[in-house]
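Some notes on the structure that comes next.
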Amino acid sequence: MTDDVRVRYAPSPTGYLHIGNARTALFNWLFARHYNGTFIIRIEDTDANRNIANGEQSQLENLAWLGLDWDESPDKGGEFGPYRQSERNADGIYQAYIDDLLKKGLAYKSYKTSEELAQEREAQQAAKQAPHYVYEYEGLSDSQREAKYAEFEAQGLKPVVRFRVPEDKVYAWDDIVKGHIEIGAKEVGGDWVIQKADGMPTYNFAVVVDDHLMKITHVLRGDDHVSNTPKQMMIYEALGWSVPAFGHMALIINAATGKKLSKRDNDVLQFVEQYRELGYQPQAMDNFIGLLGWSPKGEDEIFSLDQFIQMFDEKRLTKANAKFDQKKLEWINNQWMRRDKEKVMPQLIQELVNAGLITAEQAQTQKDWLANVIEVAGVDGISYTRQIVDLVREPFFELGEISDEMLSYLTSEDGRKVYQAWYKAYQALPVDANAEQYMATIRSIQNELEIKGRNLWNPIRIATTHQIQGPNLPEMLVLLDKNKVLATMDAVAKKYLS
RNA sequence: GGCCCCAUGGUCAAGUGGUUAAGACGUCGCGUUCUCAGCGCGGAAUCGAGGGUUCGACUCCCUCUGGGGCUACCA
């Protein structure tokens with residue numbers, strides 16, 4: 001496995017980068033990088049109806065965001081291009097092989113309409129048979145079949161090309177993750193379409209032609225492709241090509257439904273882009289995804305891409321499906337944000353701009369103060385950057401309402417005494433007092449009035465911040481503007497204590 | 001229905017015949033503390049079930065059960 005490893009990630013641009021696809025991409029990339037191989041991106045856009053406008057660009061962009069790079073692709077080119085199947089089709093690449101199969105009698109043109117096919121299928125189901133394509137030229141000679149073609153063409157029918165499945169064969173391979181698998185040819189459901197009526201090759205055909213032409217050595221893909229493998233092996237065989245190694249990775253499961261994570265599941269955020277917008281770090285996404293269906297040797301959980309490359313071992317891929325655990329992702333992201341705090345701080349500040357708490361200019365001029373606010377507000381407890389907004393909003397940018405519960409602390413006998421003492425002491429403190437000084441002041445009030453605990457702290461906390469709970473009060477006081485705090489306290493007194 | 005795959009705590013999982021069955025997330029409890037966050041400590045699984053094989057099975061075999069995938073002129 002040391003020389004000339006060539007693997008590919010082959011998305012179809014029918015949507016944005018999905019977690020499941022990202023994982024396929026990541027593992028292929030790790031495989032390539034670990035073995036000093038080549039990582040190729042090929043766009044499988046043979047279904048014109050399903051392609052979306054900037055699907056391809058978005059996929060590549062998000063892949064790059066995740067820190068993956070590639071050696072051959074539509075945008076970078078390469079020795080085996082083009083790397084878009086639509087272009088390869090336009091170049092006649094698939095047609096040549098289809099003609100070859102047609103000529104050898106290994107494939108044939110079929111003119112059945114979708115109505116006929118549906119009827120066929122229904123009848124089989126009614127008879128409790130497995131849906132199975134019925135070959136329509138049974139017993140006919142080549143020339144008789146050609147005559148039929150002409151007849152259908154005259155009716156204006158468009159053919160598809162079907163591969164003549166050798167039903168007596170059994171296809172077997174040693175799967176990189178699952179071990180030995182064999183599937184009988186008769187299980188694929190009969191002769192299947194390799195070229196659609198619009199002239200495009202189907203996935204199972206194009207993939208073989210491209211993987212062969214691009215000299216792909218290892219195909220790592222989702223479990224959902226297991227049943228495609230015999231179809232593809234038939235094509236390799238018919239064309240006289242050798243088969244690459246296959247590895248079918250377990251699927252990522254939606255924890256709520258228990259089913260394969262699908263683009264249509266709206267209860268889970270599952271596009272890389274969505275996490276990116278919330279402020280998840282790419283390293284965290286890689287870290288989390290890299291641990292879904294794969295495990296390292298030791299006990300650590302936090303890894304960089306470089307470490308993953310180093311440790312990668314395809315033998316440690318899990319066979320069982322894995323549920324998508326959002327909580328763990330959040331924890332991993334928290335770990336990465338704390339680890340890369342310097343790098344994340346600008347993103348955190350930007351969140352405040354986006355939320356309208358500060359202007360872009362303030363983000364620059366008050367950078368240091370903002371960093372302190374973010375730190376004191378408890379950035380170490382958040383899961384993604386967007387969450388910082390609600391943490392800092394009060395009391396640093398807005399003041400909340402004073403609830404009845406708060407009021408009871410404030411207006412109690414002790415509360416009033418504490419307020420008086422605190423107000424006086426606070427006023428006397430220097431503008432640039434530090435946290436220790438605030439702490440010492442509060443302690444001395446405690447000694448003086450013999451009031452402690454919540455009855456001591458809550459009146460002060462509430463009068464200065466309108467909050468009953470929050471970060472360490474002395475540290476907050478350091479960051480709050482003294483005049484504003486005095487004004488806040490005055491207003492509180494006027495409204496509730498007079 | 002058919003074919004294929006899978007099965008260790010709520011979740012991710014280590015473990016490849018003899019282990020006190022790792023670790024992490026989450027959760028619960030305790031501590032630190034005015035509170036929140038953080039941090040520290042601690043609790044909770046006998047390995048889906050039943051049969052074998054073996055001196056001995058979570059580890060091997062069989063059956064069952066459960067879960068998943070596929071079954072398109074989608075990829």
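Numbers restart at 1 for each chain; the letters A, B, ... are given by sequence-line order, proteins then strands. Scope of the values below: all heavy atoms of this structure, side chains included, with no hydrogens, waters or symmetry mates.
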Query raised in the report: Would you say the base of B:A37 and the side-chain of A:Asn472 have a donor-acceptor pair closer than 3.5 Å?
Result: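 By the distance-only test, no, there is no pair.
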Please measure how far the [atom1] atom in [N] lies from the corresponding atom in [M], and state the result in whole Å.
| N | M | atom1 | value |
| --- | --- | --- | --- |
| B:U59 | B:U54 | C1' | 13 Å |
| B:G9 | B:G50 | P | 16 Å |
| B:G2 | B:C58 | C1' | 32 Å |
| B:U27 | B:C70 | P | 33 Å |
| B:C47 | B:A57 | C1' | 11 Å |
| B:A44 | B:G10 | C1' | 12 Å |
| B:A24 | B:C39 | P | 13 Å |
| B:U11 | B:G26 | P | 16 Å |

With a 3.5 Å limit on both atom pairs, tell me what [N] is paired to, counting Watson-Crick and G-U wobble, or say none.
| N | value |
| --- | --- |
| B:U35 | none |
| B:U16 | none |
| B:G50 | B:C62 |
| B:C70 | B:G2 |
| B:A57 | none |
| B:C30 | B:G40 |
| B:C25 | B:G10 |

Requested in this report: Identify whether a stacking contact exists between A:His132 and B:G2, where the ring centres must be under 5.5 Å apart and the planes under 30° apart.
Outcome: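 So no, this residue does not stack on that base, at least one cut-off failing.
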**Report entry** Stacking check A:Trp457 vs B:C34 (5.5 Å / 30 deg)
**Finding:**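 Yes, aromatic ring over the base.
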Query raised in the report: Is there a donor in the side chain of A:Tyr171 and an acceptor in the side chain of A:Glu237, or the other way round, less than 3.5 Å apart?
Result: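 Yes.
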Query raised in the report: Taking atom types as modelled, is there a side-chain donor on A:Asp45 or A:Gln85 under 3.5 Å from an acceptor on the other?
Result: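 Note: A:Asp45 and A:Gln85 side chains miss the donor-acceptor criterion.
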Sugar-phosphate, base or nothing in reach of [X], heavy atoms under 4.0 Å:
| X | answer |
| --- | --- |
| A:Gln125 | nothing |
| A:Lys260 | sugar-phosphate |
| A:Glu301 | base |
| A:Thr14 | nothing |
| A:Arg461 | base |
| A:Gly258 | sugar-phosphate |
| A:Asn228 | base |
| A:Leu291 | sugar-phosphate |
| A:Lys315 | nothing |
| A:His225 | base |
| A:Val160 | base |
| A:Thr318 | sugar-phosphate |

Query raised in the report: In Å and rounded to the nearest 0.5 Å, what is the CG to CD1 distance from A:Asn51 to A:Ile43?
Result: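 Reported value, rounded in 0.5 Å steps: 9.5 Å.
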Should the ring pair [X] and [Y] be called parallel, tilted or perpendicular, given that the plane angle runs from 0 to 90° and is split at 30 and 60?
| X | Y | answer |
| --- | --- | --- |
| A:Tyr438 | A:Trp422 | tilted |
| A:Tyr108 | A:Tyr135 | perpendicular |
| A:Tyr203 | A:His225 | tilted |
| A:Phe324 | A:Tyr275 | tilted |
| A:Tyr384 | A:Tyr280 | parallel |

Query - Within 45° cone of A:Tyr409 ring axis and under 6.0 Å: A:Arg454 NZ or CZ - result: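 Geometry flag: not set, cation outside 6.0 Å or 45°.
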Below 3.5 Å between N/O atoms, which protein atoms pair up with nucleotides 7-10 of chain B? Just atom names and distances, please.
none

Protein-nucleotide distance ([X], atom [atom1]; [N], atom [atom2]), rounded to Å:
| X | N | atom1 | atom2 | value |
| --- | --- | --- | --- | --- |
| A:Asn287 | B:A24 | CG | P | 15 Å |
| A:Asp224 | B:C6 | CG | P | 15 Å |
| A:Ile43 | B:A75 | CD1 | P | 14 Å |
| A:Gln232 | B:C70 | CD | P | 14 Å |
| A:Ile253 | B:C12 | CD1 | P | 10 Å |
| A:Leu317 | B:C12 | CG | C1' | 14 Å |
| A:Arg316 | B:G23 | CZ | C1' | 12 Å |
| A:Ile374 | B:G38 | CD1 | P | 17 Å |

**Report entry** A:Asn287 vs A:Trp336, side-chain hydrogen bond (donor to acceptor under 3.5 Å, both in side chains): CA-CA, chis, key distance, verdict
**Finding:** CA-CA 9 Å; A:Asn287 197 154; A:Trp336 274 100; 2.9 Å; yes
Query - First of A:Leu473 and A:Lys328 reached from the 5' end of RNA chain B, by closest nucleotide - result: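 This one resolves to A:Lys328.
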Report task. Using the closest heavy atom to pick a nucleotide of RNA chain B for each, name whichever of A:Asp223 or A:Gly184 lands nearer the 5' end. Result ->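 With A:Asp223 and A:Gly184 compared, the 5'-side residue is A:Gly184.
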Requested in this report: Tell me whether the OP1 or OP2 atom of B:C73 has a side-chain N or O from A:Arg162 closer than 4.0 Å.
Outcome: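 The answer is yes; a side-chain N or O of A:Arg162 sits under 4.0 Å from OP1 or OP2.
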Table of protein N/O atoms under 3.5 Å from nucleotides 47-49 of chain B N/O atoms:
none

Query raised in the report: Is the A:Phe27-A:Phe308 ring centre distance short of 6.0 angstrom?
Result: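 Aromatic pair excluded; centres sit 6.0 Å or further apart.
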Requested in this report: Compute the centroid of each ring, for A:Phe163 and then for A:Tyr133, and state whether the two points are separated by less than 6.0 Å.
Outcome: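 They do not qualify: ring centres at least 6.0 Å apart.
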Query raised in the report: Within the side chain of A:Asp313, is there an N or O that forms a donor-acceptor pair under 3.5 Å with the backbone of A:Lys315?
Result: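 Side chain of A:Asp313 to backbone of A:Lys315: a pair is present.
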